[in-house]
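Everything numeric here is computed off the predicted structure, so don't read it as measured data. Order of listing sets the numbers, starting from 1, for every ligand and every atom in it. Quick note: numbers below take in every heavy atom, side chains included, and nothing from hydrogens, waters or symmetry partners. Along the sequence shown, the residues carry numbers beginning at 1.
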Amino acid sequence: MTTRSITDRLGGLAFGGDYNPEQWDEPVWKEDDELMRRARVNLATVGVFSWALLEPEEGRYDFDWLDAHVERLHANGVAVDLATPTASPPPWFTLAHPDALPVTPEGTRHVHGSRNTYCLAAPAYRNAARRIASALAERYGDHPALALWHVHNEYATLCWCDHTAAAFRVWLRERHGSLDALNAAWGTAFWSQHYTSWEQVLPPRATHWHGNPGQAVDFRRFWSDEIIAAYREQRDAIRAHSDRPVTTNLMLPAYQNVDLWNFARELDVVTSDQYPSSPGLDAAASVAVHADRTRSLGGGRPWLLMEQGTNTVYDGGRILGKEPGDILRHSLGHVARGSEGALFFQWRQSRAGAETWHSAMVPHAGPDSRIFREVTQLGEAVSRLGELAGSTVTGSVAVLDSPDAWWALGVDGLPSSRLDDYHGELVRAHRALWDAGLTVDFARPEHELGRYRLVVAPALFLLSDEAAENLRRYVEGGGTLLVQHAAGFVDDRMHARLGGYPAGPLREALGIRVEEPRPLREDQRITLSDGSQGTVWSEVVRTEGAQTLATYTHGMLAGGPALTRHRSGGGQGWYLSTRLDDAGYAALVGRLLTEAGAGPDVPGIPAGVEAVTRRSSDGRHWQVLLNHTAEAVPLPEPAHDLLTDAPVRELPAGGCAVLRGH
Ligand code: GLA
């Protein structure tokens, strides 16, 4: 088993990125060595997409070139995060195993010429992946340069082929036990979908009209388990030869093909990739939500930012590049929230290939560039933060996140297609709390929530019986809970809750019953008695013990509850039956924080300054401060800043500090 943490091996926080020396030659490697020293790089991720070079033909491995790079990095003081190359099978694989290529719902089979072209359920792919992982582990498993194993890259590819169909049936038998149970779960009495043999059951391929919601959500669950099983096979093959920690880089963008909570449990250290899609303060908020989610997936354990960009990613005409200073600010934003370092995709910008225009630590322009200077400045900063290694961050409030609920909002035939912005709703709830200075944890609705003063549930369309009961207990035990519109409308089989939404125990906690959904058209807004406005959704709500705090003012809902509060046990259950405008939502969250007695992570910090506390188990703590304003901001009291190794009294415009607590 794993013997030491990455930071123990590195002697501090990690700094570096994906390194693809196979795209270059000797003079560039020499320059890389020199520039890595200059930038204080201590960790390089190698081999991520190197399958074609590592196994030039089936079963014949060529490790000589990789040996040379690993030795060179080691001699240069750079540790290695060694990847298995399985996200990009080589062309020979395609030709030898055409059945292992992915098929779209419409039946198109993809071919090589890009990456991620494989079907995870295909035995030939799984065997080939396990074999190369094992061969790499045998060769490098105890190499002194090796600090971390990086299995695959951003597991996400979906497939609807016949291998998938066969594996899906095995999974369904396991979950449902019998065809009768499957028919009942999927509600196949509707539209003549009744199955009389397992062979008739398919993955949700393209259909002529709405697909079956139960089938769609089960397919997502199945595929998630398939991904995790594929990861485990590689991890176990590696562990047979190596005691170094094993991970895979999770991707937490606006879509989700895996249950990240389940996946994170399998990782020795949780790692993830982050690319903000908008500039300025929105980018800083996006760093924060990403970091808070990644940390929460690992239950608060230290984690590692595996990838970010130094500048533009893909289409810079739509998504602006980073501003001067963002390389440091964003990286410290991640470190503030528990990352054990800051890594990038990639070290040197490619001169050819599909990502030629993706930014890197050493840009096409070379080291005499703003970007490399900022990278070097960041390397210096990270090298001064070694004492933070192993310290952790805890939120006092939580936002609920459920993969099942996310998948449920992606099915056909919902009461409004405008509900399908799960990620957007999660981010919005986080943003309101982040703006108010709180450090936020994410939690599954089934998790123990008792330590949170406030819990926000923004998009729980699907809610299991167990989760509904858990939320009831949370309120009963003294918690403050905000549940937002269209919550708990279906159970975990996608069956509608009868007798009024949401699920029974949650109705009890909220003291309301939703009788009728009233989705709003795109051009429609609805006004509340407190002056705020709702979009997307509204509902006919009956109070059953709750107090009405705001009503709707117009139309058939006029006078009906829009926002309610119910005191139950020691706590309060709030229900908001529409999607409030930003100002109204921020005001509501502010009010809830006051009621719940929750405040900023670091009190007394001026507006526009982000402040987060990291604590070590021996009682030391550090405050990471990021000034997002264009003005210098005085600090409440002078303190020692690790970045400058000097006392600071104020943060310059856009400046950062890491203060050692006393
Ligand atoms: C992901 C991948 C990288 C690269 C970046 C682009 O994070 O892991 O290989 O494609 O996206 O931003």
Side-chain angles (χ1 to χ4, degrees), residues 14 16-23 43-53 81-90 112-118 120 129 148-158 227 230-231 234 247-258 260 263 267 270-279 283 286-287 290-291 293-294 297 303-322 326-327 330-331 334 339 341-364 371 375 423:
D18 279 45
Y19 182 40
N20 298 301
E22 64 268 38
Q23 298 173 14
L43 186 65
T45 302
V46 293
V48 180
F49 298 111
S50 310
W51 199 340
L53 291 185
D81 167 29
L82 185 56
T84 66
T86 52
S88 209
H112 61 257
S114 179
R115 64 170 169 187
N116 295 56
T117 313
Y118 56 83
L120 268 186
L148 180 65
W149 283 102
H150 180 299
V151 169
H152 201 86
N153 187 66
E154 295 186 336
Y155 275 105
T157 310
L158 287 158
I227 287 178
Y231 168 80
Q234 287 202 38
T247 189
T248 185
N249 50 337
L250 304 178
M251 194 175 32
L252 285 66
Y255 61 100
Q256 175 171 326
N257 291 342
V258 61
L260 294 169
F263 206 175
L267 313 181
V270 178
T271 64
S272 68
D273 304 342
Q274 200 257 349
Y275 296 92
S277 54
S278 26
S286 150
V287 164
H290 177 96
R293 270 190 89 203
T294 310
L297 291 171
W303 58 280
L304 181 60
L305 178 72
M306 185 63 84
E307 286 181 28
Q308 60 179 328
T310 56
N311 203 8
T312 313
V313 175
Y314 297 137
D315 186 358
R318 280 189 307 117
I319 301 169
L320 294 182
K322 294 198 176 184
D326 278 347
I327 289 178
H330 291 181
S331 298
H334 288 289
S339 176
L343 305 176
F344 291 82
F345 179 86
Q346 58 177 330
W347 164 251
R348 186 179 278 278
Q349 187 168 12
S350 300
R351 66 181 151 191
E355 293 190 332
T356 304
W357 304 106
H358 189 298
S359 59
M361 298 166 81
V362 183
H364 288 155
I371 288 183
V375 162
H423 186 250

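Aromatic ring centres of His152 and Tyr231 lie farther apart than the 6.0 Å criterion allows.
Without hydrogens or angle criteria, Asn249 side chain to Ser272 main chain gives no donor-acceptor distance under 3.5 Å. A donor-acceptor distance shorter than 3.5 angstrom exists from the side chain of Ser359 to the backbone of Thr312, with no hydrogens or angles considered. When atom types are taken as modelled, the side chain of Ser331 and the backbone of Ala342 share no donor-acceptor pair closer than 3.5 angstrom.
In this structure, ligand 1 sits under 4.0 Å from heavy atoms belonging to Phe49, Arg115, Asn153, Glu154, Asp273, Tyr275, Glu307, Val313, Tyr314, Phe345, Glu355, His358.
The only member of Gln346, Glu355, Arg348 that meets side chain to side chain donor-acceptor pair (under 3.5 Å) when paired with Asn20 is Gln346.
Classification of Glu154 and Arg115 as a salt-bridged pair fails, no side-chain N sitting under 4.0 Å from a carboxylate O.
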